[in-house]
Engineer: 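One structure is given below, represented as structure tokens, and several questions about it will come after.
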Amino acid sequence: MREIQRKWRKRWEESGIFEADPDPSREKFYITVAYPYPNSPQHIGHGRTYGLADAYARFKRMRGYNVLLPMAFHYTGTPILAMARRLKEGDQELRELFVRIYKIPEEKVDELTDPLKLARYFHEEIKEGMKLMGYSIDWRREFTTIDPAYNRFITWQFYKLKERGYLTKGRHPVGWCPRCDNAVGQHDTKGDVEPEIGETTAIKFRLADEDLILPVITFRPETVFGVTNLWIRPFYRYKVIRVGEERWVVSELAVTKLKFQGFKVEVVDEIEGRELVGKRAINPVTGDRVIVLPAEFVDPDYGTGVVMSVPAHAPYDYLALVDLKRDPSRLEDFGLGRGVVEELEPISIIKVEGFSDYPAKDVVEKLGVKDQNDPLAEKATEEVYSKEYHSGVMKENTGQFAEMPVSKAKEEVRKYIIEKGLGFNFYEIVNSPVYCRCGAKIVVKIVEDQWFIDYSNPEWKRMAHEALNNMRIIPEELREEFREAIDWMKEKACARKSGLGTRLPFDPNWIIESLSDSTIYMAYYTLSKFINQGKVKPEQFTNEVFDYIFLGKGDPDKLPVEREVLEELRREFLYWYPLDSRHSGRDLIWNHLTFFIFNHVAIFPRELWPRQIVVNGSVTMEGKKMSKSFGNIIPIRVAVDQFGADPIRLSVLGSAEIQSDADFSVQVASNTLSKLMKMYELSLKYGKSRGEVSPKRFWDRWILSRVRGHVEAVTRAMEECRTRESINHALYMFINDLDEYMSAVEADPAVMWKVLEVWARLIAPFAPFTAEEVWEKIGGEGFVSVAKWPEPEELPSYPDDEVAYEVVEGVIEDVRNVLSTGVKGSKLYVYVASPWKYELFNKVEEVKEKVGLDPRKLIPEVMKEDMFRSRGKEVANIVRQYSTGGWPWLKSADLEQRYLEELRTYMEKKLGMEVKIEKEDSATYDPKGRAKRALPGRPAIYIEA
RNA sequence: GCGGGGGUGGCCGAGCCAGGUCAAAGGCGGCGGACUCAAGAUCCGCUCCCUUAGGGGUGCGUGGGUUCAAAUCCCACCCCCCGCACCA
């Protein structure tokens, strides 16, 4: 197998059969797959999308299209940087992964601390894997997204977007590491945690007797009406800061947060939390005086380090209050009497169906939460929140918000607070603490001047919908999801300060991020060939040149590219565009694929909008999700070495239809291999037996007819990328039939040759190596990869023979059924039904066109004829049986009898009994009177010892 | 919550759009047999319950409905998975 793979890889490469150039005489088909991100090797999971695209490309190619399938590499972004850095920092876990799972030599790993080397390394690794898998890619068009020419292309794209008013600038919150002074994404955090940013409302509580403000933050501004007290950490030094004319008390980290969120703050003093304990603060919304109480659970790193307490509706606050009531002695340390606590009672402000006035209390009791440190408290909080949010209504003690549903009040109260200057917007890391790899806690920074692509633009959305409506989506079920995705799109931050990629031309501090520089690159493949061939220099790609190539604008004589080359570029682009099929994984619907639609409609004219999107599910490994932690990721190179490219291709594409997850299993792969080997061996045996196919025997006709059926089925299925069904027919069912043929009868060499000749072509999109080898062995011309796709018409059709086979199989099954009851016998009598029953069946077939299969209508209709009416009851019974849907049957008793005779020895062999064919009407032997049970397609049987 | 997709036999999974040959493809697992000294691989048969001459019952998340006929169509309910971004 390895030898075969090597051989054909080499021949394909040398012959250049997958290199596609414009050819106006042929219809083109342009397919692209999402290019890989080279920060890890390719594994079996990638074989899904690439394998499908390749099989589809090969199929289309064989159907006569001039097919282009190019490939490039996506270097843009930060993960490559982050990974190289981790390696440099000596991350053992990562090193282990590289060495043990990715099988990278130890000494090589050290070199990969350089991000570019890392990218290049995996780039080559992935490319090698693609070649090993036999993908029919035109490598002349390869590029990376940091190539100067590509950068120019992206630059042009962004000029276009700006020109059309699709770029905007604004404020935007991001996760930020104060120590590294940089934006932090998931891959920059310890444990790869995505920092989730939430918008909270900060509410300013002013001390009653002092000019100090305690700001508190909350996700539930509407609960401000239920505040009973504030919590402060007693033994912690807070900062006193000046903000405008006001003096605020906040924790140290909060000072940083406020700065990053655009506040001008100045630290003027410090104050110990306990100094504030016992003081009264004014609830700015209600005007209530609430007491400041000490609580160790207050985390100074969360929010402002001061929190408001709403015991009626927040389980944590309720629990804290209960604890304090249970043991008020702690308060004495702060010079507070017990009375202070005793007078604190939860204030109910929300009514919820099925709960008392104090939902927090209800849920805490229901779940049996012990105290504030009980992990169940989190769950309780979620439950209360969700219940109140969705079905809660504000009570009459909430002033203008009374009777408002909580979900609405939340927004209204928040607006009110901000408009009246009683508080402000504050962003917080929801899942804090999240740590940067450097160890610092991540905060939220409001980035000013952030660039956005404005996908919220209604006119743009309308065009995107239009494009979608004219596009074929495979599988069709996902169209709805695309619709949603388009509607849901809003401004997308499209640039960041670090990472690899292209700089924003009009604001070079920014680098275009990776999802935004990969939306229309399919157009660029039509040009990259010329760059790689040296026909054009990157510097020659000016905006005006692109305008001409892609949009046909401008004066071609005034451009820095020779007229001839320029026209060639334009022709090349116009030949391949529009894109015929875009392939990618399911996870990219909500970003890449939708951006792909948006950007195409933004930049290109209607006639160049993409025609089709194909989306596939992922791959599991022996039924389990692939993940680093399971250690079940097999790099492609390792897998190919172990199982062979064809078996991997077949088992991944054959195990699931497009929308669901495929599974890779070692067992299936090795079964597949042995099936392929079997066909290969047959090609050795029958490779030279080409001859005229003149099927005289039943089995010859049958196998040819069946093969024809498989050709039809695979062709139909592949047009819709249904690889599972295709492979089922092209491999499993095909071989089953062939086995049946060969075991039933001595194979006819000419028939075998023909069957193999068709098979090699049928399997070529899925198992190209084996197909080429078989093709060669049978003396096929050229490469099977570019041979003509088989047409059903190449094979004869024998529907009667196929029906006869099913009838006989039915008989065999019935006999086995009877034998399983303990009956023993060595002779089988098979009785063919009387001719009048065939006439009855014919009649029913005819009548059912008019009245359907309803027996109540069928029977009277049939009874109109005397010959049936005279057999009244029997006919009624038969019709009733048949009206359950019917079964395959041959058109006449003679025909059925002839077939049964022809297949008599087959039945004898299968059943190990002597078989006699009799007629119902003239049975020579029928001791038990079975013959009368015979029906067309269901001969009666009798077994005798 | 909103949006999308689903619930099928021991498990995975087809079938559902176009209702009838659906006790329901295929695979895995299990059982039995052939081959083998043996194991593995391979091949053959069985694998819901009852019955034992090709029969019957139950059955495709739950409950209703439409129909001569429902895994498939309609309604309601329950449950599960995925997405909700600035990140590849």
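Lettering of chains follows the sequences in order, A, B, ..., and the numbering in each one begins at 1.
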Engineer: Do the side-chain N or O atoms of A/Asn736 get closer than 4.0 angstrom to the phosphate oxygens (OP1, OP2) of B/G26?
Structural biologist: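 Answer no for this pair, as no side-chain N or O of A/Asn736 is under 4.0 Å from OP1 or OP2.
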Engineer: Touch check for A/Arg724, heavy atoms < 4.0 angstrom, all strands: base, sugar-phosphate only, or nothing?
Structural biologist: base
Engineer: Heavy-atom nearest nucleotide on RNA chain B for A/Asn728 versus A/Ser514: which residue maps closer to 5'?
Structural biologist: A/Asn728
Engineer: Atom CG of A/Leu588 to atom P of B/C82: distance rounded to whole Å?
Structural biologist: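 A/Leu588 atom CG is separated from B/C82 atom P by 17 Å.
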Engineer: Could you measure between the two C1' atoms, the one in B/G56 and the one in B/U51, and give it in whole Å?
Structural biologist: 7 Å
Engineer: For atom P, what is the distance between B/A71 and B/A34, given to the nearest Å?
Structural biologist: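 It comes out at 40 Å once rounded to the nearest Å.
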Engineer: For atom C1', what is the distance between B/U47 and B/G9, given to the nearest Å?
Structural biologist: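 To the nearest whole Å, 11 Å.
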Engineer: Using the C1' atom as the reference point in each nucleotide, state the distance between B/G32 and B/A24 in Å, no decimals.
Structural biologist: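 Nearest-Å result for B/G32 against B/A24 at atom C1': 24 Å.
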Engineer: Using a distance-only criterion (donor-acceptor N/O pair, under 3.5 Å, no hydrogens), is the base of B/G54 paired with the side chain of A/Asn817?
Structural biologist: no
Engineer: Do the ring planes of A/His123 and A/Tyr75 sit parallel (below 30°), tilted (30 to 60°) or perpendicular (above 60°)?
Structural biologist: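 Perpendicular: the ring planes of A/His123 and A/Tyr75 meet at over 60°.
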Engineer: If B/C11 has a Watson-Crick or G-U wobble mate with both distances under 3.5 Å, name it; if not, just say none.
Structural biologist: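 Across any shown strand, B/C11 pairs with B/G27.
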Engineer: When we call it a touch if two heavy atoms are under 4.0 Å apart, what does A/Pro36 touch: a base, just sugar-phosphate, or nothing?
Structural biologist: nothing
Engineer: Give me the distance, rounded to whole Å, that separates B/U66 from B/C81 when you measure between the P atoms they each carry.
Structural biologist: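 Per the computed distance, 35 Å lies between those P atoms.
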Engineer: Where does the angle between the aromatic ring planes of A/His46 and A/Tyr50 fall among parallel (under 30°), tilted (30 to 60°) and perpendicular (over 60°)?
Structural biologist: parallel
Engineer: Establish, with yes or no, whether the OP1 or OP2 oxygen of B/C87 is under 4.0 angstrom from a side-chain nitrogen or oxygen of A/Thr78.
Structural biologist: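 Answer is no, no contact under 4.0 Å.
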Engineer: Hydrogens and angles aside, do A/Asn599 and A/Tyr455 bring a side-chain donor and acceptor to less than 3.5 Å of each other?
Structural biologist: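 A donor-acceptor contact under 3.5 Å links the two side chains.
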Engineer: Name the nucleic acid region contacted by A/Tyr942, choosing base, sugar-phosphate or nothing; use a 4.0 angstrom heavy-atom cut-off, strictly under.
Structural biologist: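 Base contact - A/Tyr942 has a heavy atom under 4.0 Å of at least one base atom.
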Engineer: From OH of A/Tyr427 over to P of B/C86, roughly how many Å is that when rounded to an integer?
Structural biologist: 12 Å
Engineer: Rounded to the Å, how far apart are A/Ile446 CD1 and B/C86 C1'?
Structural biologist: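 Answer to the nearest Å: 15 Å.
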Engineer: B/A70 and B/G57: how far apart are their P atoms, nearest whole angstrom?
Structural biologist: 13 Å
Engineer: Take the protein atom CD of A/Glu809 and the nucleotide atom C1' of B/A25, then report the distance between them rounded to whole Å.
Structural biologist: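 It is 15 Å, rounded to the nearest whole Å.
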Engineer: When all nucleic acid strands are considered with a 4.0 Å heavy-atom cut-off, which category describes A/Leu515: base, sugar-phosphate, or nothing?
Structural biologist: base
Engineer: Report the base-pairing partner of B/G54 (Watson-Crick or G-U wobble, both distances below 3.5 angstrom), or none.
Structural biologist: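 The base-pairing partner of B/G54, which may sit in any strand shown, does not exist here.
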Engineer: Rounding to an integer number of Å, can you tell me how far A/Arg816 CZ sits from B/G33 C1'?
Structural biologist: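 After rounding, the reported distance stands at 13 Å.
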Engineer: Give none if B/G1 has no partner; otherwise give the nucleotide forming a Watson-Crick or G-U wobble pair with it, both distances under 3.5 Å.
Structural biologist: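 Pair assignment: B/G1 / B/C84.
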Engineer: Taking 4.0 Å as the cut-off, does a side-chain nitrogen or oxygen of A/Asn671 come that near to OP1 or OP2 on B/A41?
Structural biologist: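 Result: no.
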Engineer: Measure from OH on A/Tyr831 to P on B/G54 and round the result to the nearest Å.
Structural biologist: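 Interatomic distance, OH of A/Tyr831 to P of B/G54: 15 Å.
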Engineer: I want to check one thing: is the phosphate of B/C87, taken as OP1 and OP2, less than 4.0 Å away from some side-chain N or O of A/Arg496?
Structural biologist: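 Answer is yes, contact under 4.0 Å.
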Engineer: Determine yes or no for a side-chain-to-main-chain donor-acceptor pair under 3.5 angstrom, with A/Asn842 supplying the side chain and A/Tyr838 the backbone.
Structural biologist: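 It does hold such a pair.
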Engineer: Anything under 30° is parallel, anything over 60° is perpendicular, the rest tilted; go ahead and classify A/Phe598 against A/Trp460.
Structural biologist: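 Rings of A/Phe598 and A/Trp460: perpendicular, over 60°.
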Engineer: From the list B/U21, B/A53, B/C86, which nucleotide is the closest neighbour of the side chain of A/Trp887?
Structural biologist: B/U21
Engineer: Using both distances under 3.5 Å as the test, list the Watson-Crick or G-U wobble partner of B/A69, or none.
Structural biologist: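 Pairing partner: none.
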Engineer: Compare side-chain N and O positions of A/Ser660 against OP1 and OP2 of B/A14 and report whether any pair is under 4.0 Å apart.
Structural biologist: yes
Engineer: Looking at A/Arg171, I want to see if its CZ is surrounded by more than 12 non-hydrogen atoms of other residues, nucleotides or ligands under 6.0 Å.
Structural biologist: no
Engineer: What's A/Glu657 touching, base or sugar-phosphate or nothing? Going by heavy atoms closer than 4.0 Å.
Structural biologist: nothing
Engineer: Could you please name the partner base of B/G59, counting Watson-Crick and G-U wobble pairs only when both distances are under 3.5 Å?
Structural biologist: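 B/G59 is unpaired by these criteria.
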Engineer: Tell me whether the NZ or CZ atom of A/Arg930 lies within the 45° cone about the ring axis of A/Tyr831 and under 6.0 Å from its centre.
Structural biologist: no
Engineer: Can you tell me which nucleotide in B/A85, B/G3, B/C86 comes closest to the side chain of A/His172?
Structural biologist: B/C86
Engineer: Describe the nucleic acid contact of A/Ala940 in one word from base, sugar-phosphate, nothing, applying a heavy-atom distance below 4.0 Å.
Structural biologist: base
Engineer: In whole angstrom, what separates A/Trp451's CH2 from B/A85's P?
Structural biologist: 24 Å
Engineer: Please tell me which of the listed nucleotides, B/A88, B/G54, B/G83, lies nearest to the side chain of A/Trp590?
Structural biologist: B/G83
Engineer: Across the strands shown, which category fits A/Ile943 at heavy-atom distances under 4.0 angstrom: base, sugar-phosphate, nothing?
Structural biologist: base
Engineer: Select one nucleotide: of B/G6, B/A53, B/U21, the one nearest the side-chain heavy atoms of A/Glu477.
Structural biologist: B/G6
Engineer: Return the nearest nucleotide to the side chain of A/Glu481; candidates are B/G4, B/C87, B/U42.
Structural biologist: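 Of B/G4, B/C87, B/U42, B/G4 is nearest to the side chain of A/Glu481.
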Engineer: If you measure from the P atom in B/C50 to the same atom in B/G1, how many Å do you get, rounded?
Structural biologist: 44 Å
Engineer: Which of these nucleotides, B/A85, B/G54, B/U21, is closest to any side-chain atom of A/Pro888?
Structural biologist: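 Nearest listed nucleotide: B/U21.
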Engineer: What nucleic acid atoms does A/Ile941 come within less than 4.0 Å of, heavy atoms only: base, sugar-phosphate, or nothing?
Structural biologist: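 Base, at least one base atom sits under 4.0 Å.
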Engineer: Where each residue is assigned the nucleotide of RNA chain B containing its nearest heavy atom, which of A/Ile197 and A/Val811 is assigned the position nearer the 5′ end?
Structural biologist: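 Here A/Val811 is the residue nearer the 5' end.
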Engineer: Is NZ or CZ of A/Arg938 both nearer than 6.0 Å to the six-membered ring centre of A/Trp889 and within 45° of the ring axis?
Structural biologist: no
Engineer: Give the rounded distance in Å between these two atoms: CH2 of A/Trp488 and P of B/C86.
Structural biologist: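 Spelled out: CH2 on A/Trp488 to P on B/C86 is 9 Å.
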Engineer: Can you check the distance between B/C11 and B/G30, where both ends of the measurement are the C1' atom (answer in whole Å)?
Structural biologist: 11 Å
Engineer: Looking at A/Phe260, A/Tyr427, A/Trp176, which one forms a side chain to side chain contact (heavy atoms under 4.5 Å, CB included) with A/Val444?
Structural biologist: A/Tyr427
